[in-house]
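Residue numbers start from 1 in every chain, and the chains themselves are labelled A, B, ... in the order their sequence lines are given, proteins ahead of strands.
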Amino acid sequence: MSFWFWNGLRRGIQTTRYPKSMELERGVSPGRPVATSFKSSAEAEQAAGQCPVGAIVARDSVADLELGRCVYCQRCHFGARYPLDWKYDYEWAQIFPGAQDFAVLPKPYRKSLHVIVVDAGDCGACLHEVKQLNNPLYNVHRLGIFFTPTPRAADVLLVVGPVSENMRVPLQKTYEAMPDPKRVLAVGACAISGGVFGRSAMSAGGVASILPVDLEIPGDPPPPLAILHGLLVATGRKVPAAGAQVS
Amino acid sequence: MAVIRATDPPAERLDREALIADLQRRFHCDVAATESGTIASIRVTDLSELRPLCRSLFWDAGCGFGGIVVEERPQSWEVRYIFLARFAGWIEVLVSLPLSATTLPSISAEVHAADWHEREVEDLFGLRFEQHPRLGDFILHDQFWGEGLAPFRKRFDISKAHSNGQNNVSWRPLLVVRDPGAFAMPVGPVYEGGIGESVHFMLETVGEDVLRAIPRLFFNFRAVEKIAEGKDVGQALLLAERFAAKSSFAHSLAFCAAVERISGVNVPLRAKQLRVLLSELERLRHHAGVIAGICESTALAVSAAHAAIIEERLLRASCCFTGHRYLFGLNIPGGLRRDFTEQQCQDLLSAVRLAAKQLETLEDRLSFTSSFLDRLEEAGVVAPETARDLNLVGPVGRASGCGHDLRKECPYGLYKQYEFQVPSEKQGDGYARLRVLFQEAYQSGTLVGDLISSLDSGPIHAPCQSRQGFALGWVEAPIGATLHWLRLGESGLVERYRIITPSFNNWLGFHVAVEDFAFQDFPIILATFGLSATECDR
Amino acid sequence: MYGVTQGLLFLFFIACACGIVLSASSRGKATLWTIAVFSTVCALALMAAAALVLISGQAPEMRLWTLEGFGRFTLRLDALSSIFLFICGLVYLPASLFVARYLGHRFEERYPARRFGVFHFALMGSVVLILIAHDAYSFLISWECMSILCYLLVNYEQNPDTDTRAGYIMLAMSEAGFLCIVLAFVIVGRGAADFSFAALAAQGLRLSRGAIWGAFLLGFLGFGVKAGLVPVNFWLPRCYTAAPPTFIPILAGVTLNLGFYGILRLNMDLAPAHGWGTGLIALVVGSLTALVGILYATTENDMKTMLAHSSIENAGIIVAGIGASMVFRGSGFAVPAAIALTAALYHTLNHSVYKTLLFQGSGEIEAATGTREMDRLGGLARFAPGLSVVFLVACLAISAVPPFNGFVSEWITLQSLLRSAVLASSSVKIVFALCGATLALTAALAVTCFVKAYAMSFLGIKRGDWEPHSIKVFGHSHFSSVYLAIACLLLGVLPTFVVPALNRAVEPIATASASASLVPPFFTATPTNQQLPPAFLQDFHNLGAQTGSKILPGRGLVLLVRGAEQNPVVFAMSPSYSIVALAFLLGLTWLIVRGATQARSVARNELWAGGIPRLLPEMSYTATGFSNPVRVVFQAIFRPNIVEDTRETVAVHFRTAILRRREETHLVDRLFFHPVGDAVNWFARLLAGMHHGRLNTYIAYGLVFLLLILLLFRLT
């Protein structure tokens with residue numbers, strides 16, 4: 001049985017250095033499209049038409065993005081006639097457009113943050129990426145971030161999924177059971193805008209229709225480091241991304 | 001009550017034509033082969049014969065049960081019971097009913113795996129199954145929804161929010177343990193550090209041991225099948241690959257297979273090869289994830305960390321290879337969206353080989369860790385006859401000696417041309433399931449290697465015009481057989497999309513097969529089944 | 001003094017007689033008032049008379065008439081009688097008020113309370129007569145009256161099937177026990193001048209070893225029936241379950257004690273044993289009784305039956321104390337004997353108080369909710385907060401949690417068992433150690449049992465379909481409950497005042513003073529007054545042993561056992577100081593918590609249950625679930641029979657019901673009652689086989705027997 005111990009030692013530290021320094025290994029993020037300038041507005045219109053969910057908006061000759069709607073299907077990049085530029089980063093968390101006055105959590109939460117995750121109709125990808133934060137490659141415990149099974153001890157609510165009708169009440173109850181101060185993070189396109197599921201009788205089309213959302217982490221799914229960035233933004237240890245509007 | 005005989009299904013190839021001829025002799029039915037010839041269709045004219053006919057198919061002939069596809073046509077209901085004649089293609093039993101009909105005979109007393117299908121149909125279409133012991137309060141939880149909503153009927157407008165949110169205070173859980181001191185421990189839907197999927201369990205007990213675990217699923221029900229209706233193929237494809245991410249490639253492949261079958265497109269060889277490659281990559285990654293979950297459930301932290309690292313490395317390799325960690329956006333009807341360079345393939349190969357090697361080391365260590373084995377052995381035993389009875393699929397079924405594997409039994413894509421083993425165990429306990437997962441992961445690793453060494457250098461995509469028609473697409477997803485039944489209308493829009501997932505099958509099996517266990521074994525048993533709630537809920 | 005005591009006793013009998021007459025002649029509310037008023041007078045008279053005797057130390061004796069051939073009937077109120085008489089009065093006071101209130105609420109129409117009143121007063125009279133009888137005849141006659149009245153009262157509600165059967169079993173067992181008692185008295189009284197207790201006591205000193213053993217075994221068996229000892233207690237749970245709520249407090253608080261009284265009177269006062277053999281039997285039987293009682297109490301879900309099993313447990317502890325005392329005295333250790341006996345008497349007193357309270361509580365719960373099943377109760381604290389508090393006090397007391405009374409007596413009992421170190425024989429020491437361990441286990445299980453009883457009934461969610469508002473009619477707390485709850489507290493806080501009173505009875509029996517040992521006279525001892533060694537006194541003086549002397553009169557507030565020179569204190573504790581410290585600490589904690597959290601706002605939210613809309617009663621812990629671990633651990637004793645374990649299915653895949661029904665045959669039933677019953681039946685069948693109505697055969701029987709007898713005489 002001691003081989004577990006020795007084996008663990010032999011492997012050495014594999015944990016990422018983020019947020020002290022950026023993680024540069026390939027594959028930690030699928031990247032995302034960025035606003036791209038085209039030769040003409042017609043081309044930009046064409047480029048916008050490639051998007052199956054209408055996340056690309058043509059503004060003159062620039063194809064701009066509504067990242068909250070983007071489902072990262074890559075149809076505007078790979079094999080596209082008018083490909084958008086692609087950027088491999090992961091600091092994506094931004095203040096939710098509808099959030100009235102976002103304030104970071106008070107200082108004590110910087111080194112001790114308890115997080116509860118609610119799967120509100122998620123496909124499993126965002127949830128799985130959140131779960132990856134616990135594995136040794138990310139190991140968020142080193143940053144004082146802990147996942148907790150009870151909302152009583154939670155400071156941050158991560159919501160994944162478009163909020164299916166059957167999860168509406170559990171989600172509300174979870175939020176109500178959390179003590180103040182608390183922040184709500186919408187993780188993934190579904191939680192932000194409903195994603196491919198949209199708004200229907202069975203899906204609320206995003207968390208914002210039920211709870212006041214503070215931060216959004218776009219992506220389908222956002223990679224673990226993007227979610228970690230969101231948690232760090234909530235505590236004021238990182239600044240939010242500039243937002244979708246790129247001039 | 002049906003007398004269940006614990007017969008092993010015949011392993012040899014079934015003679016579908018002889019079987020159908022026999023059925024034709026015994027029952028009043030018309031037989032027609034569907035257009036693509038993959039499905040033999042039996043139309044039942046006398047409803048009272050439905051049950052004996054299904055029974056005959058499932059028990060006497062030893063067919064596997066696929067699922068029920070209900071479709072509301074303009075003039076009639078069409079209900080298809082899909083069976084798999086092993087190694088000989090599909091058989092569907094078709095029942096047409098006038099639209100005014102509200103009841104159907106229930107076959108679940110004979111074919112037990114049909115139980116949840118019938119409950120689902122009742123909840124979503126309002127069709128009642130005679131003699132089914134418990135209908136209602138299934139997908140639409142009675143706490144929130146009234147009866148008689150039937151959201152999958154054509155007349156129901158899914159895009160509008162429906163009156164909901166009322167809390168039905170008179171709702172009571174349906175419990176089965178009748179003992180004066182019995183109670184149910186409620187678990188979920190928000191539990192397990194919140195990182196678990198939304199499932200609610202009622203663990204029925206009289207103290208100490210749990211007599212019965214009743215899962216309450218469908219918290220993640222997003223009505224994918226319904227909202228796909230009226231969308232074009234490209235849009236529906238987004239849904240197909242995004243309703244269950246852990247096997248998203250398998251689902252998008254099954255969807256594309258259905259579309260391709262309707263259109264009659266011939267997918268280029270390279271695309272076929274890459275599809276197999278990506279399927280196996282997904283299987284490897286999925287199994288690594290399930291193994292990590294099993295290690296975690298036994299609180300063996302180091303092994304869980306190792307397995308989680310393997311999984312994350314595979315996710316990163318997938319991302320480098322395809323541009324997406326969960327293989328979204330690759331499949332399109334007619335082939336693949338993007339091609340890969342030789343260098344990318346070699347990188348992937350080395351990552352996969354490393355993962356397989358690390359998994360082997362992990363398995364070796366685990367098999368010497370007695371505290372780990374003690375908790376897995378004889379945990380959640382599913383006897384082979386139970387597995388057959390409940391039509392368990394995937395690694396769970398194979399661990400109980402009930403090994404339907406569509407890659408062998410009804411090969412699709414290029415699987416016929418590649419050598420691989422389908423592992424099978426008899427014990428049916430948690431450890432057997434773990435061994436099957438490891439073996440399948442190795443097989444997948446080998447297959448990826450074989451494919452990369454033999455890749456064709458052709459196009460990866462053939463143009464695909466959507467046509468009117470319907471077809472079944474099937475794929476052996478990592479969790480088991482998944483079927484996507486699709487009907488496209490005149491304008492190429494989706495008219496009916498039915499997804500039959502392996503988790504749906506195995507959740508039913510899980511809650512029936514697992515009785516009388518210690519409370520602390522519950523997370524372990526659950527982890528060894530590797531179930532996905534969101535795949536089940538759709 | 002003499003005159004006053006006798007006057008009080010006279011008053012009691014007058015009030016009792018008036019009660020009988022007025023109950024019989026009145027109707028409706030008047031009967032209830034009769035019961036309430038005259039019982040109160042009776043109880044107060046009893047307590048006053050007993051207290052006078054205990055304070056003065058004088059035993060008034062009343063010689064009644066002489067009956068030819070039987071000797072003189074004598075009544076005497078000595079210290080032992082007074083203690084039991086005091087307990088009797090202490091219990092009768094609240095119990096009678098409870099009876100009146102209960103009958104008023106429940107049986108105005110259906111059952112006239114008259115008959116109950118008559119039986120009630122008659123039983124009270126006969127119990128008092130048993131306690132003050134000073135000759136075998138009046139003792140036995142009153143005992144018989146008491147047995148019959150108990151039977152009548154158990155069957156008072158006349159529930160058709162179970163109750164009558166339980167009553168019959170009780171009556172049969174009482175009669176069998178009575179027979180044993182009579183035989184025991186015959187053995188003791190053979191050769192005595194007459195059957196007065198004084199003559200018997202004189203004769204007791206001259207008895208042979210065999211006679212002492214005979215008297216002990218018969219008396220222990222006979223009185224053991226009443227005291228609920230294994231293996232002759234199988235009537236007790238049945239009967240307690242069947243008895244009406246109005247009668248059980250009396251059954252548990254008064255008549256149960258008569259068994260202990262009998263054992264003490266016969267086997268320690270009249271015919272004391274010399275060696276340690278008899279005492280050891282009592283000790284072992286007591287310990288086993290305690291363990292068996294608490295095991296069944298813990299797993300029982302019917303509140304009344306649970307309390308009945310718990311009574312058995314307490315009886316076991318008391319008898320274990322008596323047994324230890326007998327061993328010590330038989331081995332010539334008077335002081336430990338006195339301590340053990342004090343513990344037993346103290347526990348008798350305590351048990352009567354809290355068990356009366358518990359049975360009253362269960363009666364109120366049953367009346368209000370219509371059920372006694374703890375699986376179906378729950379959440380009562382919200383509907384009946386007052387009842388909840390007094391019930392909690394009783395539960396804490398019976399679980400031996402300080403500062404309540406159960407703690408003191410169980411603590412002294414266990415400590416006195418530890419004193420077995422002084423004994424010579426190591427085998428006896430081993431038995432003591434085992435019995436001590438058994439009692440410790442019993443105490444631990446008692447906590448489990450009553451945590452369950454309180455938590456499953458009063459906390460959590462309402463599980464049954466009873467109406468919550470109905471409890472408001474009846475379930476609020478009442479004088480009778482509060483009175484007993486206060487008694488629980490006082491008896492627990494001020495043991496140093498109780499022990500000297502008990503000592504009046506202990507001293508003549510154990511031939512040593514328990515209070516001299518247990519309650520050294522700190523308050524009255526000064527360095528000049530050399531009642532205690534000065535060094536010893538100094539130590540305790542510095543520790544504040546005399547702090548309370550200014551406030552409270554008495555000997556002191558520390559309970560301790562003095563040892564020899566090298567080990568001056570064997571064990572010591574002071575519940576009186578403890579409660580002050582406890583109150584201080586609690587107050588301090590409260591202040592600190594308040595101070596620390598004053599700035600915070602406390603948000604209250606409903607219970608978190610994983611996000612489900614509502615936590616339902618089906619999802620809350622049941623009493624069965626709570627005690628199931630005990631059931632599993634002690635499976636070898638319970639030997640549950642799974643009577644029914646069916647899985648109802650429509651098909652293999654579809655369970656509609658899993659039916660589980662266990663049936664447990666009580667250990668005593670299994671090992672004793674059923675075999676004996678079977679043997680009797682077998683014998684009866686054998687006899688019945690001989691009777692087939694043919695004259696010739698009967699003549700042949702006569703002839704054969706005549707021959708046999710002749711042969712017998714010839715041989716002897």
Side-chain angles (χ1 to χ4, degrees), chain A residues 1 3-5 7-8 14 25-31 52-53 71-75 78-79 115-125 127-128 130-132 134-137 147-149 151 158 161-162 164-170 174 195-203 220-221 223, chain B residues 141 143-144 151 158-162 164-165 167 189-198 218-224 227 234-235 238-239 242-246 248 289 300 302-303 305-306 308-309 311-312 315-320 323-326 328-329 337-338 365 369 371 532 534-535:
Chain A
M1 294 283 280
F3 49 71
W4 290 115
F5 176 72
N7 191 255
Q14 308 211 348
E25 192 178 325
R26 289 178 62 220
V28 291
S29 167
V53 291
V71 295
Y72 295 70
C73 64
Q74 311 174 352
R75 291 183 192 178
F78 295 111
V115 180
I116 186 163
V117 191
V118 173
D119 165 21
D122 179 51
C123 66
L127 191 67
H128 200 247
V130 173
K131 198 176 175 181
Q132 290 302 313
N134 258 346
N135 86 28
L137 292 176
F147 291 98
T148 165
L158 291 185
S164 53
E165 269 318 304
N166 284 344
M167 272 307 284
R168 178 197 285 268
V169 171
T174 310
V196 293
F197 305 110
R199 187 188 286 269
S200 74
M202 295 296 160
S203 135
D220 192 14
Chain B
H141 293 175
Q143 283 140 303
F144 310 127
I158 193 84
S159 65
K160 290 206 178 64
H162 218 79
N164 178 23
N167 203 339
V190 180
Y191 74 114
E192 204 195 309
I195 316 183
E197 292 181 295
S198 295
F218 306 103
F219 281 96
N220 287 356
F221 178 66
R222 293 143 299 182
V224 170
I227 58 179
Q235 297 259 346
L238 285 179
L239 284 171
R242 273 170 178 75
F243 79 91
K246 282 187 185 170
S248 92
L300 193 59
V302 186
S303 67
H306 283 314
I309 290 174
E311 193 197 3
E312 170 68 18
L315 279 169
R316 289 183 185 180
S318 308
C319 187
C320 296
H324 198 282
R325 285 159 64 91
Y326 293 88
F328 287 2
R337 183 178 304 286
R338 59 176 295 198
R365 296 228 170 84
T369 308
S371 66
S532 162
T534 190
E535 191 186 88

Who among A:P30, A:P221, A:G121, A:P52 has the most heavy-atom pairs with chain B under 4.5 Å?
A:G121
So for A:P162, is it side chain, backbone, both, or neither that comes closer than 4.5 Å to the heavy atoms of chain B?
side chain
Side-chain heavy atoms of A:R26 within contact of B:C320, under 4.5 Å:
yes
Just so I know, are the side chains of A:C73 and B:R242 near enough to count as touching, which here means a heavy-atom distance under 4.5 Å?
yes
If you tally heavy-atom pairs under 4.5 Å between each of B:S198, B:C319, B:G329 and chain A, the highest tally belongs to B:S198
Options B:S318, B:A308, B:A317, ranked by heavy-atom pairs under 4.5 Å with chain A, top entry
B:A308
Contact leader toward chain A among B:H306, B:Q235, B:K246, where contacts are heavy-atom pairs under 4.5 Å:
B:H306
Who wins among A:P136, A:P170, A:G161, A:G124 for the most heavy-atom pairs under 4.5 Å with chain B?
A:P136
Chain A heavy atoms under 4.5 Å from B:S303: which part of the residue, side chain, backbone, both or neither?
both
Residues at least two apart in sequence or cross-chain that pass salt bridge (charged side-chain N to carboxylate O under 4.0 Å, His left out) with B:R365, listed by chain then number, are none
What residue, out of A:V53, A:V196, A:T174, A:L158, has the most heavy-atom pairs lying under 4.5 Å from chain B?
A:V196
Reported NZ-to-CG distance for the pair A:K131 and A:D119, which is rounded to 0.5 angstrom
11.5 Å
Of B:I309, B:I227, B:L315, the largest count of non-hydrogen pairs under 4.5 angstrom with chain A goes to B:I309
Who pairs with B:E311 by salt bridge (charged side-chain N to carboxylate O under 4.0 Å, His left out), at least two apart in sequence or on another chain?
none
Ignoring hydrogens and geometry beyond distance, is a side-chain donor-acceptor pair present between B:R222 and B:T534 at under 3.5 Å?
yes
Answer key: most heavy-atom pairs under 4.5 Å with chain A among B:F243, B:F328, B:F219 is B:F219
Could you tell me which portion of A:D220 (side chain, backbone, both or neither) has an atom closer than 4.5 angstrom to a non-hydrogen atom of chain B?
both
Rounded to the nearest 0.5 Å, what separation is found between the CD atom of A:Q132 and the CZ atom of B:R316?
9.0 Å
Side chain, backbone, both or neither: which part of B:L238 has a heavy atom under 4.5 Å from chain A?
both
For B:R337 and A:R75, run side chain to side chain contact (heavy atoms under 4.5 Å, CB included): C-alpha distance rounded to whole Å, both residues' side-chain angles, the deciding distance at 0.1 Å, then the answer.
CA-CA 8 Å; B:R337 183 178 304 286; A:R75 291 183 192 178; 3.0 Å; yes
